[in-house]
Amino acid sequence: MKVSVSIEARMTSSRLPKKVLKPLGNSTVLELMINRVLKCELVDEIIVATTINEDDDDIVKLCEKKGIKHFRGSEDNVFQRVLQAHQKFNTDVIVELTGDCPFIDSKLIDEAIKIYLDNDYEYVSNSIKSTFPIGMAIQVYSLKSLERIEEYGLDNMDKEHVTPQFYTTNRFKTFNIYAPKELEFPELSVTLDTKEDYEMITKIMNHFNDEYFSIEQLVKYVRENPSLLQINGSIKRKGLS
């Protein structure tokens, strides 16, 4: 089966426009994320699912520079964009990530894929109940399952968040990955939604000065420097609505 990572990315974020191409280390947020995902052993390809908005031309240029596949689809209907991207490239197993998680750990991605491939779950994630730091969310499911959701019918929540029917209905067999005790840190956020988040991830990146630090190193550093949590700890995260 072909396993494809799907990275959803666009430039017109309401809270922090152009965030995915902001500088980070020696590259940009999205390029750093792509580089880290390329370390995965169980991933066959990466597809960046962006939009037809001309603002996203620069995302396409980055993909072309790095030899990464891309798909341009609906800006508002993210479900349709992700579905059509993987239909175009004949994906079997989708690993869905969002482009605002530059520190995603390749080992966590491989672990989620392995659990999915070795069992009969239809949806494997570490974010049905989040125990890892925010910014480490991984979802694994098949293209066929996503097509089933489309057949059931979509509401606005599905169109925005893609996967709620997997874990808010009883139609699918799901599995949630819980963080081991040493990585349990849900109060830490290394996603990029706001200028405070950008300050946070920039400080972390500057500390390591290395694209491939692990989640273990990340958690250890922040636990040893708890004042970092004050930078973006008060930000309210957008969830399902």
Side-chain angles (χ1 to χ4, degrees), residues 6-25 27-34 36-37 48-51 55-56 59 75-76 78 96-105 108-109 125-139 156-164 167-168 176-179 182-209 211 213-241:
S6 174
I7 301 178
E8 300 152 20
R10 62 188 179 99
M11 295 287 274
T12 53
S13 166
S14 58
R15 292 210 277 184
L16 191 63
K18 302 182 179 181
K19 65 182 182 179
V20 297
L21 293 186
K22 280 189 171 294
L24 191 59
S27 55
T28 63
V29 169
L30 181 57
E31 186 170 12
L32 173 66
M33 183 174 180
I34 290 170
R36 289 174 66 90
V37 174
V48 173
T50 191
T51 86
D55 290 339
D56 293 323
I59 291 176
E75 183 166 11
D76 299 321
V78 188
E96 187 186 344
L97 310 174
T98 56
D100 51 9
C101 298
F103 298 156
I104 194 77
D105 192 296
L108 296 183
I109 296 172
S125 177
N126 61 0
S127 56
I128 301 174
K129 179 174 175 52
S130 298
T131 53
F132 287 92
I134 299 168
M136 295 291 162
I138 300 158
Q139 303 178 88
N156 289 335
M157 186 187 297
D158 299 315
K159 292 174 183 177
E160 180 180 358
H161 296 283
V162 185
T163 56
Y167 50 87
T168 60
N176 188 75
I177 303 169
Y178 291 90
E182 64 272 16
L183 298 180
E184 194 174 302
F185 205 171
E187 59 270 37
L188 167 61
S189 178
V190 288
T191 192
L192 178 57
D193 288 327
T194 68
K195 58 182 176 54
E196 292 87 356
D197 294 332
Y198 185 56
E199 180 185 351
M200 176 71 154
I201 65 173
T202 299
K203 282 183 180 294
I204 292 170
M205 191 71 211
N206 290 344
H207 168 75
F208 286 107
N209 196 28
E211 290 194 339
F213 58 88
S214 67
I215 184 173
E216 288 85 0
Q217 291 172 301
L218 169 63
V219 167
K220 182 175 184 290
Y221 171 59
V222 178
R223 282 188 172 145
E224 291 174 351
N225 297 272
S227 61
L228 287 168
L229 294 172
Q230 298 173 14
I231 296 173
N232 64 350
S234 62
I235 301 299
K236 294 190 183 307
R237 303 297 165 184
K238 294 198 296 187
L240 299 184
S241 58

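Scanning for ring-ring contact (aromatic ring centres under 6.0 Å, His included) contacts around F132 gives an empty result, with sequence neighbours left out. Annotation: ring-ring contact (aromatic ring centres under 6.0 Å, His included) contacts of F185 (sequence neighbours excluded): none. Residues passing the side chain to side chain contact (heavy atoms under 4.5 Å, CB included) test with S27, sequence neighbours excluded: E31, L32, E211. In this view, E75 and R10, T12, T51, N53 satisfy the side chain to side chain contact (heavy atoms under 4.5 Å, CB included) rule, not counting sequence neighbours. Considering only residues two or more places apart in sequence or on other chains, Y178 meets the ring-ring contact (aromatic ring centres under 6.0 Å, His included) condition with none of them.
Using modelled atom types, no side-chain atom of D56 and backbone atom of T50 make a donor-acceptor pair closer than 3.5 Å. Using a distance-only test at 3.5 Å, with no hydrogens or angles considered, a donor-acceptor pair links the side chain of S125 to the main chain of I138. Looking only at distances, no side-chain donor or acceptor of N232 sits under 3.5 Å from a matching main-chain atom of M200. Between the side chain of S127 and the backbone N or O of S130, no donor-acceptor pair lies under 3.5 Å.
Between L97 and A137, the closest heavy-atom pair is CD2-O, 3.6 Å. Nearest heavy-atom pair across T191 and C101 is OG1-SG, 3.9 Å. When every heavy atom of T163 is checked against every heavy atom of Y167, the shortest pair comes out as O-CE2, 3.4 Å. A pairwise comparison of heavy atoms in G99 and V20 identifies O-CG1, 3.6 Å as the closest pair. Between S14 and P17, the shortest heavy-atom distance links the atoms O-CD, 4.3 Å.
From L228, atom CG reaches atom CZ of R223 across 13.5 Å, with rounding to the nearest 0.5 Å. A distance of 6.5 Å separates CG in N206 from OG1 in T202, rounded to the nearest 0.5 Å. Note that CG of L188 is 8.0 Å distant from CD1 of I134, once rounded to the nearest 0.5 Å. Here T168 contributes atom OG1 and I128 contributes atom CD1; the two are 10.5 Å apart, rounded to the nearest 0.5 Å. Atom CG of L108 and atom CG of N126 lie 6.5 Å apart (nearest 0.5 Å). In this structure, K236 NZ and D193 CG are separated by 14.0 Å, a value rounded to the nearest 0.5 Å.
Looking only at side-chain heavy atoms (C-beta outward), H161 and V78 stay at 4.5 Å or farther from each other. Taking the side chain as every heavy atom from C-beta outward, L21 and M11 approach each other to under 4.5 Å. Within the 4.5 Å cutoff, the side chain of K159 has no heavy atoms near those of the D76 side chain. For the pair D197/L16, no side-chain contact is recorded, criterion being any heavy-atom separation below 4.5 Å from C-beta on. At least one side-chain heavy atom of Y198 sits less than 4.5 Å from a side-chain heavy atom of P23. Within the 4.5 Å cutoff, no side-chain heavy atoms of L192 are placed close to those of L24. By the 4.5 Å heavy-atom criterion applied to side chains, M136 and L218 are counted as neighbours.
Here the options are K19, R237, K22, the test is salt bridge (charged side-chain N to carboxylate O under 4.0 Å, His left out), and the partner is D100; only K19 passes.
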Side chain to side chain contact (heavy atoms under 4.5 Å, CB included) between N225 and K203, worked out: CA-CA 11 Å; N225 297 272; K203 282 183 180 294; over 6 Å; no
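Sorted by first and then second residue, the salt bridge (charged side-chain N to carboxylate O under 4.0 Å, His left out) pairs with a member in residues 125-137 form an empty list; sequence neighbours excluded.
Aromatic ring centres of Y221 and F213 lie farther apart than the 6.0 Å criterion allows.
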